Amino acid sequence: MSTHPALPARNQRPWWRDAVTYQIYIRSFADSNGDGKGDVEGIRSRLPYLRSLGVDAIWITPWYPSPQNDHGYDVSDYMNIEPDYGTLADAERLIKETHDHGMKLLVDIVPNHSSDQHVWFQQALAAAPGSPERDRYIFREGKGANGELPPNNWQAVFGGSAWHRITEADGKLGQWYLHLFAVEQPDFNWENQEIHEHFEEVLKFWLDRGVDGFRIDVAHGMVKAPGLPDVVAADPKAEMLAPENRPFWDQDGVHEIYRKWRKILDSYPGDRMAVAEAWVSPASRIARYLRPDELANSFNFDFLSSPWEPAELKKMINRSMDALAEVGAPSSWVFNNHDVVRSVDRFDLGLLAGNANTTLERHGDAKKFDIARGTRRARAGALLMLALPGGAYIYQGEELALPEARDIPEDRLTDPRWEMSLRTDRGRDGCRVPLPWTSLPIGAFGFSSDANREPEHAWLPQGDHWGKFSVEGQDGDPASTLTMYRQALAIRKSEAGLGDGAMTWIDAGDDVIAFSRPGNFACLLNFGAAIELPAGSEVLLSSNPLVGNVIPTDTAVWVRLSVG
Ligand code: GLC
Ligand code: CA
C-alpha cells in the first residue's frame with residue numbers, strides 16, 4: 001500500500017488531512033425561533049453537542065438568501081444570510097464560537113448556477129439577446145424553424161430537458177437558457193470573466209469573516225465543452241454518476257479555476273481549504289482536483305457505489321488510495337450526505353449505492369427492510385471509515401443511525417426532483433427530515449424551540465417513531481450509536497497513527513476486511529460467519545457486542561495487536 005513518505009506528524013500537517021467534518025443541513029438541524037426551519041442560532045445552540053461528539057470541523061449547507069427551490073442550492077445573493085436563517089451578524093458570531101470550541105467551519109459555495117431570482121438573472125431576462133447581461137448565463141437560440149426545439153439534447157439532473165425557453169420583452173417566445181439542475185437554477189457562463197471575478201470576491205468575503213474553507217457544489221460542472229455539443233449516448237439522460245464523459249462534467253477548464261482559488265486560499269493565514277463535490281470517476285479523475293496547486297479534499301463517493309462485499313470494497317479502497325497517493329492527497333471518505341438514501345437503509349439492501357439519482361424503490365422492496373441489520377452494518381461501516389487513512393465527512397443524524405424517512409406523504413415532498421421526474425422519483429427529502437433531539441414529541445422532538453410545534457409540522461414531517469433515535473435517548477447509553485461515534489472519535493484523536501498516513505492490509509480470510517495502522521492498531525470488519533479476534537489482541541471498540549473472543553457477522557472491531 002502506498003503511503004506518503006514525506007508526511008509530517010499529525011500536529012504538524014494541515015488539519016484537513018485528518019479531519020472528521022460534520023455536515024449540517026441547516027434547515028433540519030435546530031430551529032431556534034420556532035418557525036419549523038433550522039437556522040444559524042440553532043446551530044450555535046448545539047455547538048456543545050458537536051464538540052462533545054468530537055468532530056474537528058463543521059460544514060454548513062447553503063445559508064444564503066434563496067427562494068429555496070432547491071433548499072439553498074439556488075442562491076440569490078452570495079454575500080448575505082437567508083433571512084429565515086438569521087443575519088450576517090449571527091453568522092459571524094457562529095464562526096467565532098465554532099472556533100472557540102476548537103472546531104473549523106466550512107461554508108458551501110454554489111458556483112455552477114444561481115437562483116433565477118438572482119439580480120443578474122433578472123437583468124438577463126429583461127435585457128436583449130446578445131447583451132452583456134445575457135452573457136453571464138448560457139442563453140442560446142433554439143433549433144427548428146421557429147427556434148422551438150432546445151439548443152441541444154442535454155438533460156437536467158433532476159429530469160427533463162436542461163433548457164428552458166423564455167418569453168422576451170416583446171411578449172414572444174425567445175431564447176433558451178441552460179439549467180443542469182432545476183429550471184430555477186440557471187447555469188452561469190464561466191467563459192465570462194465577470195463570473196470569475198465575482199466568485200473570487202465571494203471567497204474573500206467569507207474568508208475575511210473567518211471561515212476555514214469551502215465545500216464546492218457541483219465542482220466538476222462549471223465549464224462546458226466548447227460549442228455545447230450534443231451528448232452522444234444511447235440514453236442521453238444525464239446521470240450524476242454516469243460513467244461516460246459528458247460535455248458538461250469534468251472539463252479541463254475547471255482546473256484553471258481551482259488553481260486561481262488555491263492562490264486566494266493560500267493568501268490567508270491558517271490552513272484554509274476547499275473540498276470538491278465532484279461526481280467523477282475513476283479515482284484518477286478525482287485526483288486531478290487534488291493536485292498540489294488545486295484543492296485540498298474531494299469527497300470520495302466510491303463508498304456510495306460499492307456493494308456490501310469485502311473483495312469489492314477492498315478493491316475500491318486500494319484504487320482510491322493509489323490514485324490519491326500519486327498527487328500526495330488524503331482521502332475524504334463519505335457514507336452519507338443530503339443527496340443520498342441514508343446508509344442504514346442502503347446497507348440493509350446490500351448496496352452502498354445510493355447516489356442522488358437513486359431511490360429506494362429501485363433497490364428493493366421497502367417492506368423487507370430489516371432496520372436491525374441495516375443499523376448493524378452502518379455502525380460497522382462507520383468504524384471502517386474512521387480507521388482508514390485520511391479524513392471523513394459525516395452527515396447529521398449518521399451518528400444516531402437515523403434511517404431514511406420513507407413515510408413522507410406525497411403532498412409534503414419538496415425536492416424539485418419529485419416534480420421534474422414527473423413524480424416517478426420521490427427524491428431526497430427522506431434523508432433531510434429534521435433531527436430528533438428529544439425522545440418526546442414536544443417541539444418536534446426538540447428540533448424546534450416552539451414547544452407546541454408538532455412533529456408533522458416541522459418543515460418536513462417527522463414520523464411518530466422519530467423520537468426513538470433521539471440524541472437524548474442515546475446520550476450516555478453505552479450501547480447507542482451516538483456513544484459509539486463519540487468513542488470512535490475520541491480514540492481517533494488519541495491514536496497518533498489514525499487519520500492520514502500508512503496502512504497495511506492484514507489477511508484474515510475472504511470474508512474480512514482487515515488492516516493495521518501505526519501503533520499496533522488494527523481494524524477488522526467481518527462480513528461472513530463468526531471469526532476469532534487476532535490472538536492476544538486487546539479490544540478498543542466494537543460496532544456490536546462481541547461474544548467472548550468472537551466477532552459476529554457485520555461487525556467491525558478496533559484492536560491493539562499484541563506485539564511479539
Ligand atoms: C449538489 C447538491 C445538491 C443540489 C445540486 C444542485 O449536488 O449537493 O443538493 O441539488 O448540487 O445545486
Ligand atoms: Ca427557525
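For the single chain, residues carry numbers from 1 onward in sequence order. All figures in this text were calculated on a predicted structure; none of them were measured in a lab.
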Would a 4.5 Å heavy-atom cut-off, applied to side chains only, mark [X] and [Y] as touching?
X      : Y      : answer
Asp212 : His99  : yes
Pro186 : Leu178 : no
Tyr395 : Asp339 : no
Phe158 : Ser421 : no
Lys263 : Lys260 : no
Asp39  : Asp84  : no
His198 : Tyr78  : yes
Trp261 : Glu200 : yes

* Hey, what's the ring geometry for Phe188 with Trp120, parallel, tilted or perpendicular (30° and 60° as the breaks)? -> perpendicular
For the backbone of [Y] and the side chain of [X], can you confirm whether one donor and one acceptor N or O come within less than 3.5 Å of each other?
X      : Y      : answer
Tyr258 : Ala219 : yes
Tyr177 : Val183 : yes
Glu277 : Ile216 : no
Asn69  : Glu184 : no
Thr438 : Gly446 : yes
Asp90  : Leu88  : no
Gln462 : Glu456 : no
Asp56  : Thr21  : no
Arg288 : His255 : no
Trp15  : Asp271 : yes

* To do: Kindly determine whether Trp63 and Trp206 satisfy ring-ring contact (aromatic ring centres under 6.0 Å, His included), including the steps that lead there.
  => CA-CA 12 Å; Trp63 57 3; Trp206 292 104; 5.7 Å; yes
Can you tell me how far the [atom1] atom of [X] sits from the [atom2] atom of [Y], to the nearest 0.5 Å?
X      : Y      : atom1 : atom2 : result
Gln251 : Met222 : CD    : CE    : 12.5 Å
Asp450 : Ile442 : CG    : CD1   : 11.5 Å
Lys224 : Asn189 : NZ    : CG    : 8.5 Å
Asn337 : Ile394 : CG    : CD1   : 13.0 Å

Given the side-chain rings of [X] and [Y], with only the six-membered ring counted for Trp, is the space between their centroids under 6.0 Å?
X      : Y      : result
Phe121 : Tyr137 : yes
His71  : Trp459 : yes
Trp59  : Trp16  : no
Phe301 : Trp279 : yes

Does NZ or CZ of [X] lie under 6.0 Å from the centre of the six-membered ring of [Y], at an angle within 45° of the ring axis?
X      : Y      : result
Arg134 : Phe139 : yes
Arg46  : Trp437 : yes
Arg209 : Phe205 : yes

* For Trp176 and His164, run ring-ring contact (aromatic ring centres under 6.0 Å, His included): C-alpha distance rounded to whole Å, both residues' side-chain angles, the deciding distance at 0.1 Å, then the answer. => CA-CA 5 Å; Trp176 299 68; His164 184 76; 7.8 Å; no
Between the side chains of [Y] and [X], is the shortest nitrogen-to-carboxylate-oxygen separation below 4.0 Å, so that they form an ion pair?
X      : Y      : result
Asp187 : Arg136 : no
Arg291 : Glu294 : yes
Asp108 : Arg215 : yes
Asp35  : Arg453 : no
Arg262 : Asp293 : no

* To do: Given ring-ring contact (aromatic ring centres under 6.0 Å, His included), test Trp333 with Tyr393 step by step and report yes or no.
  => CA-CA 6 Å; Trp333 307 103; Tyr393 286 82; over 10 Å; no
* Asked: Hey, mind stepping through Phe445 and Phe469 against ring-ring contact (aromatic ring centres under 6.0 Å, His included) and telling me if it holds?
  -> CA-CA 10 Å; Phe445 295 108; Phe469 307 102; 9.8 Å; no
* **Working for side chain to side chain donor-acceptor pair (under 3.5 Å), residues Ser448 and Asp31** => CA-CA 5 Å; Ser448 178; Asp31 166 24; 2.8 Å; yes
* To do: Any chance you could lay out the side chain to side chain donor-acceptor pair (under 3.5 Å) test for Asp429 and Thr414, step after step, and finish with the verdict?
  => CA-CA 7 Å; Asp429 289 322; Thr414 67; 2.8 Å; yes
* Taking atom types as modelled, is there a side-chain donor on Asp250 or Tyr289 under 3.5 Å from an acceptor on the other? ->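 Result is yes, a qualifying pair exists.
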* Asked: Applying the side-chain hydrogen bond (donor to acceptor under 3.5 Å, both in side chains) test to Tyr485, which of Glu399, Glu398, Gln474 qualifies?
  ->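 In the set Glu399, Glu398, Gln474, the residue that makes a side-chain hydrogen bond (donor to acceptor under 3.5 Å, both in side chains) with Tyr485 is Glu398.
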* To do: Scan Arg13, Arg10, Lys493 and name whichever one has a side-chain hydrogen bond (donor to acceptor under 3.5 Å, both in side chains) with Asp18.
  =>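 It is Arg13, the one option of Arg13, Arg10, Lys493 that forms the side-chain hydrogen bond (donor to acceptor under 3.5 Å, both in side chains) with Asp18.
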* Qualifying residue, where the test is salt bridge (charged side-chain N to carboxylate O under 4.0 Å, His left out) with Asp70 and the options are Arg428, Arg27, Arg417 -> Arg428
* Only one of Val202, Asn80, Asp77, Val107 clears side chain to side chain contact (heavy atoms under 4.5 Å, CB included) with Tyr64; which? ->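 It is Val107; the other options fail the test.
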* To do: Check Val211, Leu105, Leu106, Thr98 against Ile60 for a side chain to side chain contact (heavy atoms under 4.5 Å, CB included) and give me the one that passes.
  => Leu105
* To do: Tell me, please, which residues at least two apart from Arg44 pass salt bridge (charged side-chain N to carboxylate O under 4.0 Å, His left out).
  =>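 Partners of Arg44 under the salt bridge (charged side-chain N to carboxylate O under 4.0 Å, His left out) test: Glu41, Glu97.
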* Would you find more than 12 non-hydrogen atoms of other residues, nucleotides or ligands less than 6.0 Å from Asp464 atom CG? ->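 Atom CG in Asp464 is not packed in, count stays at 12 or less.
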* Hey, is CD on Glu194 packed in by over 12 heavy atoms from elsewhere, all under 6.0 Å? ->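 Yes.
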* To do: Check the pair Thr61, His338 against side chain to side chain donor-acceptor pair (under 3.5 Å), reporting the backbone distance first and the verdict last.
  => CA-CA 9 Å; Thr61 55; His338 65 294; over 6 Å; no
* Asked: Arg379 and Thr481: side chain to side chain donor-acceptor pair (under 3.5 Å), yes or no, with the steps?
  -> CA-CA 7 Å; Arg379 291 173 56 133; Thr481 303; 3.2 Å; yes
